[in-house]
Amino acid sequence: MLALRLTPGTRSLSLGYSFSKCGEFAFEAAFAVAIVSITDADMLLIGIAYFFRYLPSVVFSPLGGWLADNANKKHTLLAIEVTKGLLALSFFALFSVFTPVLLALVGIAMVMTALECLYVPTFRAYFPDLVEKDELATVNSGIQVIEDAASILGPLVFSACVLLLSREATFLFFAMCLVVSAICIATLTPARRSVQQAFDGCAIIRDAASSVSQLRAGNAPLFAVIGCTTLCAMFATSVIRFILPASVLEHFASEAAVGYVFSLLAAGTVVGGMLYTRFNPRTTAAMVLRYWMLYGGLFFAAAVALQFNNWLFLLILFLVGFIGAFVDIAIVTNIQCLSREHEVGRNFSLYYFTAVMGDAVSGLIASLVFVLAGPATFIWMTLMLFIAPVRWNMKGRGPDVDSRT
């Protein structure tokens, strides 16, 4: 966390990010409840809704990479946060004034996804301009702690809004958080800008389409990181967002238990984020592959333990959060360190694009597995999450994936 105080820029970015993520996690809880309510908890319809929600990443992720590498980062972040604030007010109006319908809800959420595709590459590409390369892992660890702490606080704020005010008040809270974030961004000094490339929409799309094959041929370690993460996201996202809550609710017969379990999972990620550099003095691409397999193995063990021993389930779930923080930090650090200076934004947009598409497909996979496996969906999905990175780990034993970062 001390690394986030290195410069005024890192302080402003991290402070704004903390408010933005806290509001975002509160928004995600409200959005999930709204989707479940409107669809009457139809798992297949929920999966389709989330698929379309993340569909804009196909177009806007490549654009986000171009903006991160060529546009004024400060102006980009400021414009995005202000626009997201207006969308948060639109959600508030939709539920307060009108009768919400699924198409309208998903439509506004798609715009929010598009803005997030523009935000993430620019935010992540800002730090290499502010700190030295050997400090990036420590900075990313601090950012991970902020994000994980927000993942605890945000849902609690949502619960407080529901109990004391209304669900719609959560969207106002999100808007206020984005205002504070925008103020923090406004205090930033402009980041240095590399040689600019003229904007060409078709060329950006073509470049994004060809960047995967270019990475595979010219940057095998980074290709392994992004490829393995995309595959794992196809199973991990639905486990976290749909299957784990449903399994906990069925097992404990308590909605409050769902909140407690997610708080425990988030607590594990906070501890993992704080201890990342102590356990990992250096970060390699091979570490991402190993941590993904360990993450899947622990989640599978938790799914099995839930059938036999509640305390063992909770202990393993804490370890899942702990290793999950290692996964997130190692991914970001590898992208920052293995990318050439003028490709940091593009590679982050590629990573975000593939990860978000994995998120979208994950909902459809979960729906299909639920049809086939029924109550055993939690076990089968976590088993597939464990198996998914095995092939990458077998391929990743060569020196090309063990490049030091």
Side-chain angles (χ1 to χ4, degrees), residues 3 61 65 68-69 120-121 124-125 127-128 131-144 147 208 210-236 269 272-273 275-298 322-359 385-405:
S61 286
D69 290 331
V120 172
R124 291 296 185 178
F127 287 103
V131 300
E132 298 298 327
K133 180 172 286 191
D134 59 356
E135 296 170 333
L136 285 173
T138 306
V139 168
N140 292 331
S141 177
I143 291 297
Q144 186 65 39
E147 185 168 340
S210 63
S211 58
V212 176
S213 58
Q214 292 175 2
L215 268 185
R216 186 171 188 174
N219 197 337
L222 189 54
F223 174 78
V225 168
I226 295 177
C228 181
T229 298
T230 302
L231 182 62
C232 292
M234 293 182 182
F235 306 103
T269 58
L275 298 179
Y276 176 82
T277 52
R278 179 171 298 182
F279 282 86
N280 305 281
R282 69 188 187 101
T283 301
T284 66
M287 286 169 49
V288 177
L289 313 183
R290 290 195 293 267
Y291 282 140
W292 263 124
M293 191 162 66
L294 181 57
Y295 181 81
L298 286 170
F322 186 87
I323 297 300
F326 283 15
V327 172
D328 291 338
I329 297 170
I331 290 170
V332 172
T333 303
N334 271 284
I335 295 174
Q336 289 171 332
C337 294
L338 292 175
S339 300
R340 299 181 182 89
E341 182 178 350
H342 65 285
E343 294 178 346
V344 175
R346 188 189 72 173
N347 288 336
F348 264 114
S349 70
L350 175 64
Y351 158 68
Y352 190 72
F353 164 70
T354 55
V356 168
M357 288 308 296
D359 293 345
L385 174 59
F386 170 62
I387 295 173
V390 169
R391 177 175 173 271
W392 289 98
N393 274 275
M394 293 175 64
K395 290 176 61 179
R397 291 176 181 173
D400 58 328
V401 182
D402 202 27
S403 302
R404 180 170 178 169
T405 59

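The two atoms that bring Ala224 and Leu289 nearest to each other are O-CD2, 3.7 Å, heavy atoms only. Closest approach of Leu385 and Cys232 over heavy atoms only: CD1-O, 3.6 Å. Nearest heavy atom pair, residue Leu231 against residue Ala388, reads CD2-O, 3.3 Å. Shown here for Phe386 and Met293, the closest heavy-atom pair between the two residues is CD1-O, 3.4 Å. Annotation for Asn334 and Ala285: closest pair OD1-N, 3.1 Å, computed over non-hydrogen atoms. Of all the heavy atoms in Thr269 and Ala325, the pair that sits closest is O-CB, 3.3 Å.
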Under the side chain to side chain contact (heavy atoms under 4.5 Å, CB included) rule, what do Ile331 and Trp292 come out as? Steps first, then yes or no, please.
-> CA-CA 10 Å; Ile331 290 170; Trp292 263 124; 4.0 Å; yes
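Of the inter-residue distances, the one linking Tyr295 atom OH with Ile323 atom CD1 reads 10.5 Å to the nearest 0.5 angstrom. Remark: Thr333 OG1 to Tyr276 OH distance equals 5.0 Å, nearest 0.5 Å.
By the ring-ring contact (aromatic ring centres under 6.0 Å, His included) test, Phe235 is found to be paired with no residue, residues two or more places apart in sequence or in another chain being considered.
The six-membered or imidazole ring of Phe326 lies near that of Phe322, with a centre-to-centre distance under 6.0 Å.
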